[in-house]
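Chain naming here is simple, since letters A, B, ... match the order of the sequence lines and numbering starts at 1 in each. Since the model is a prediction, treat every value here as computed from it, not as a measurement.
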Number of protein chains: 2
Amino acid sequence: MENGAKIKVLVVDDHPIVRVGIAAIINARPDMAAVAQCSTAEEAIELFEQHQPDITLMDLRLPKMSGVDAIRAIRLRHPKACFVVLTTYEGDEDIYQAIEAGARAYVIKGMPHEALIDALRRVHAGGRFLPPAVSRALAARTPDSDLSAREREVLSLLARGETNKEIAQHLGITEATVKCHVSVILMRLQVSDRTQAVVTALQRGLVHL
Amino acid sequence: MENGAKIKVLVVDDHPIVRVGIAAIINARPDMAAVAQCSTAEEAIELFEQHQPDITLMDLRLPKMSGVDAIRAIRLRHPKACFVVLTTYEGDEDIYQAIEAGARAYVIKGMPHEALIDALRRVHAGGRFLPPAVSRALAARTPDSDLSAREREVLSLLARGETNKEIAQHLGITEATVKCHVSVILMRLQVSDRTQAVVTALQRGLVHL
DNA sequence: TGAGGAATCCGACGGAAGTCGGATTCCCGC
DNA sequence: GCGGGAATCCGACTTCCGTCGGATTCCTCA
């Protein structure tokens, strides 16, 4: 296959060892090439402009700006840009956000490496790639599970181990109000106390450590 | 360099995409070769017997049996076996356990990939490889932070979001006793409530999701 | 426009969590 | 042996958490 027909891939992952390895996998294929790579969302935006890759292979958990934010930012200027998400986690929030932002494939690092190659080829051909586990997580999302902005704010403070009183001071509201928000959060996450709320929020990717 | 002098490496990581990529990095070097690879601790023990690698490159978070358990099991029969730990996390418990089990190097996936190569060569030459962050985490460990077996048991139930009453039933003891254990755990982790305890336990790798 | 829903806010009540003091058992070293 | 330390166990008291009922504001949509 001649050089010009190769699929140009930009690889974004905050772990250099993992990233270089993935680039090696891609470069071992005759029909694709990792033309650039980086560790942060900010660099990704810049490198996209420079290289105009056919596909951007994006990890979601990045320092500071997230991979989803990077996808949104790039698609603002390049609506036709193609993204394949490659991540470790199966938290439904990550998946939902990524698909919402316009990702065309969602590959989990626990899958065989041929799946990654397959996803890249399918997306390049205009298709999609969503493994069953991902589709199931998407389907399991009830509109009820959405949290309001304020509730997410409270949840993130919950996940830092703050007490109701601390959260109240932090937000400039009454402790009673905080309790009310917490109650709503417990209902939405379908759990019965704050500790369970933090655990399931971490599992679902609503907040991070 | 002739083939016989190559460093034989066994690669163990539960994420195939990451693992194949790392093997590719190793195989790109003239003085080393990934002679085998697998996703679980059980397979690792078997493959070690088959290939007798010079170095086993081991991830710590594996399904069922952990990487640390695999290191211990292999070293029981092969005390001279060399291990390089390659993991995502910097939780001090993981680090401590791995070094205790006999790992000669601790490489974090966030480091440049030359660091991995460097670690493999140094360990093969009889040396060690412990990055500053790892040494610091080891030094920060106070004997006070050790939990008893019972306390770890309670902590793991805490991290599943169980209430004191549920934990009591689960362990066949009184709720008052559970509260006592929880109090000790809070003191050892230097936090003030169960939610903070779960968060810091997750951060430090004392328990996993 | 105005009825309804959602988000935000607050106070009072019952139950759970965490602290304190105390007791028993086991193990290690002098 | 036996004193001391650590782990395990328990009950009573105080504080915090979560629920309930209720109120206000804002937005939407019929």
**OP:** Could you encode protein contacts along nucleotides 6-21 of chain C as a string, one character per nucleotide from 5' to 3', using B for base contact, S for sugar-phosphate-only contact and - for no contact, with a heavy-atom cut-off of under 4.0 Å?
**Re:** -SSBBB-----BBB--
**OP:** Mind checking side chain to side chain donor-acceptor pair (under 3.5 Å) for B:E93 and listing every partner two or more places apart, or none if nothing turns up?
**Re:** B:Q97, B:R141
Original post:
With sequence neighbours excluded, what pairs up with A:D54 under the side chain to side chain donor-acceptor pair (under 3.5 Å) test?
Top reply: none
Subject >> A:H78: partners by side chain to side chain donor-acceptor pair (under 3.5 Å), with sequence neighbours left out >> reply: A:E49
For residues 63-71 of chain A, tabulate all N or O donor-acceptor pairs below 3.5 Å that involve a side-chain atom, not counting sequence neighbours.
unit_1 : atom_1 : unit_2 : atom_2 : d
A:S66  : OG     : A:V68  : N      : 3.3
A:S66  : OG     : A:D69  : N      : 3.2
A:S66  : OG     : A:D69  : OD2    : 3.3
A:D69  : OD2    : A:S66  : N      : 3.4

Subject >> Summary of ring-ring contact (aromatic ring centres under 6.0 Å, His included) pairs that have at least one residue in residues 147-169 of chain B, sequence neighbours excluded >> reply: none
Subject >> Pairs satisfying side chain to side chain donor-acceptor pair (under 3.5 Å), at least one member in residues 103-127 of chain A, at least two apart >> reply: A:D13-A:K109, A:D31-A:R121, A:D118-A:R122
**OP:** Step by step, work out the side chain to side chain donor-acceptor pair (under 3.5 Å) result for B:T40 and B:E43.
**Re:** CA-CA 5 Å; B:T40 70; B:E43 292 173 284; 3.0 Å; yes
**OP:** Quantify the bending of the helix from C:dT1-D:dA30 to C:dC30-D:dG1 as the angle between its end axes, each fitted on five pairs, to 10°.
**Re:** 30°
**OP:** Figure out the CD/P separation between A:Q196 and D:dC17, and round it to whole Å.
**Re:** 16 Å
Subject >> ring-ring contact (aromatic ring centres under 6.0 Å, His included): pairs with one or both residues in residues 157-209 of chain A, sequence neighbours excluded >> reply: none
